[in-house]
> 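Mind looking over this structure? Questions follow.
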Amino acid sequence: MAEPTTLFLNGPIFLSGVPPGTNAGLSRPPTFVTALLVRGAHIAHVGSASDPTIAAARADPATAVRDLGGRTLLPGFVDGHMHLMMMGQSLNKLELGGCGSLDEIRGTIRAYAAANPGLPRILCKGWMHSMTPGGVSARDLDGLDGERDRAVLIDTKDLHTAWCNTKGIVELGAEGWADVPGGTIERDGEGRLTGVFSEAANLTYVWPWLAQVASMDERTGAIKAAVEAYNRVGYTGLVDMAMDDGAWEALLALRAEGPIPMRIAAYWLIKPQKTEAETLAQVDRAIELAGQYNATTTPDCRIVGVKVICDGIIDACTAGLSEPYAHNAHLEVPLWTPEQLEPVVRRADAAGLQIALHAIGDATTTMVVDTLIAHASPDRRPRVEHIELASAVDAARLGQAGITASIQPVHADPAILRAWPRLLGEHRCARAFPYREFSDAGAPLALGSDAPTAPHTPLGNIYVGTTRRSYREPGYEATVNPHFALGLCESVAAGTEGAAYSCFDDHRIGVLKKGHKADLVIADMVWEKEKMMEARVVETWYDGGLVWSEEP
């Protein structure tokens, strides 16, 4: 039987023209063609409607013609940094992002608990430390559920901290937890748990507990829901940046049920341990799995590398900075020292794995760039995640060393940065999210969302990256360092080809090119950065087949 053939006509078809590491600048015009032919799961021809190949396909009655009607055809987007199972689980959590105070948080949870008596526990998301400047404790959440007294567990927006009520402390078994390197199990002056767990304590204890209490059906259902949500907004690929055994087991179980319309590249999360041997055992686990699940054996579900969270976040004052925080004169240090980090990088790199290092503060950025330059092979395409504060020197070093800047413009949304001037001082805010410098220096760019910590729509991500204005609050007039903005063409390229490059998948996805996979997005959009807020995805195609349409 002949492969199904689809011809796309009558709309601009985007060709990147911005290979990773290319400085496209703010005004690089897009390159469009007018026809694209798909046969089976691959692109057969890209060009003009008058090309002989296109004319022959159009004359063939077996060819299905998809009239774009003036809409834009783009490569399928690839989320360069997200958390797959957490994203799916978050879809069923109570959103607290609209709250502005502890009283509003308490009232929102009380109403939700009353309206959902059948839930085994109350899971929430979106809390920010700036909502509760006086601090929080388990007692603040006690009594919100009446006689049912279920556990209440709240994630911060950034997922670096969890906060629970007294019943949650009991369910978690937190009284028996030992301190872990790089983590905080918060206690009051009398040594009692407050119900707040940060950084490595959250990663080591709370994340695995949430996976454990979920059944396999719930875990696979969460992944499936996340994939469906991603297809709806135009993603055909993603990079999971905190994979562990619980999520991997669920992902394999879901794959056993049938194909998943998403190309998944995963980085194994390495947590700080008490000894180097214990830490490196996690790297060996990643090496073992990568030997089984890789670009040759399972190209659409593979272990690509390792991920290390080297510091915290600005809002919690846990990011590693070169100067003390402005409001309290504290100087936080990175969660990993160079002496702890270097053996991990060397072991993983020697085994052929990629290295992805989370760095938000400027001091941590300096440390991880030093480490990657010294101990990671450039041909492994090492990458730094987030890079929210960076010196001009380090921005230049990223490009000089060919290190991928894995960035999430939605984190530069001014609506969530209102506390930064108080925490950092205005002088350091002027160095926030210096994406323009990364691109100008020649660093490959990969756009991601960090979902579920931020809105996951790629078009919204591009809007913030190019305008430096708020996607969350469209009426908010503030901008964040607009001189660091990206151009529209380079942003779209970074969210497609750049993200594919970042995980060694650019040889087959990310660009509309003959021989590449037919992963496509049809968008109703105007090619202007200010108009990206109104742009919307109307169809998503994966492997040459329609997997989502706004029309039923």
> To check you understand the geometry: which heavy-atom pair defines the closest contact between Asp413 and Ser470, and what is its length?
OD1-OG, 2.7 Å
> Over all heavy atoms of both residues, which pair between Pro208 and Lys271 is shortest? Give the atoms and the distance, please.
CG-NZ, 3.9 Å
> Any donor-acceptor pair under 3.5 Å linking the side-chain atoms of Thr540 with those of Asn231?
no
> Looking at Phe504, I'd like to know if the NZ or CZ of Arg302 sits under 6.0 Å from its six-membered ring centre while staying within 45 degrees of the ring's axis.
no
> For the residue pair Ser50 / Ser48, report whether a side-chain donor-acceptor contact shorter than 3.5 Å exists.
yes
> Taking the six-membered ring where the residue is Trp, are the ring centres of Tyr230 and His456 under 6.0 Å apart?
yes
> Would you please name every residue forming a side-chain contact (heavy atoms from CB on, under 4.5 Å) with Asp300, sequence neighbours left out?
Arg263, Arg508, Tyr542
> Quick one: do the Thr366 and Asp394 side chains pair a donor with an acceptor below 3.5 Å?
yes
> Using a distance-only test with no angle check, is there a side-chain donor-acceptor pair under 3.5 angstrom linking Asn294 and Thr297?
yes
> Are the aromatic rings of His160 and His358 close, with centres under 6.0 Å apart?
yes
> How would you list, by chain and number, every residue that makes a side-chain contact (heavy atoms from CB on, under 4.5 Å) with Arg347, sequence neighbours excluded?
Leu280, Val283, Asp284, Ile287
> Check whether the side chains of Thr156 and Asp158 place a donor and an acceptor atom closer than 3.5 Å, and report yes or no.
yes
> Any salt bridge between Glu257 and Lys224, counting N to O under 4.0 Å?
no
> Can you name the nearest heavy-atom pair linking Cys301 to Leu251, along with the distance?
SG-CD2, 3.5 Å
> Quick one: closest heavy-atom pair of Ile303 and Ala286, and the distance?
CG2-O, 4.0 Å
> Could you grab the distance from atom CD1 of Ile360 to atom CD of Glu388, nearest 0.5 Å is fine?
4.0 Å
> Test salt bridge (charged side-chain N to carboxylate O under 4.0 Å, His left out) on Glu539 and Arg71 and set out the steps.
CA-CA 11 Å; Glu539 288 182 6; Arg71 290 169 170 166; over 6 Å; no
> If every non-hydrogen atom of Val537 is compared with every non-hydrogen atom of Trp548, which pair is closest and at what distance?
O-CZ3, 3.4 Å
> Could you label the plane-to-plane angle of the Trp248 and Trp268 rings as parallel, tilted or perpendicular, counting under 30° as parallel and over 60° as perpendicular?
perpendicular
> Determine, for Arg469 against Glu477, whether the closest basic-nitrogen to carboxylate-oxygen distance falls under 4.0 angstrom.
yes
> Got a salt bridge between Arg536 and Asp524, using NZ or NE/NH1/NH2 to carboxylate O under 4.0 Å?
yes
> For the residue pair Phe433 and Tyr435, does the interplanar ring angle fall in the parallel (under 30°), tilted (30 to 60°) or perpendicular (over 60°) class?
perpendicular
> Give a yes/no verdict on a cation-pi contact between Arg468 and Phe484, requiring under 6.0 Å between NZ or CZ and the six-membered ring centre and an angle within 45° of the axis.
no
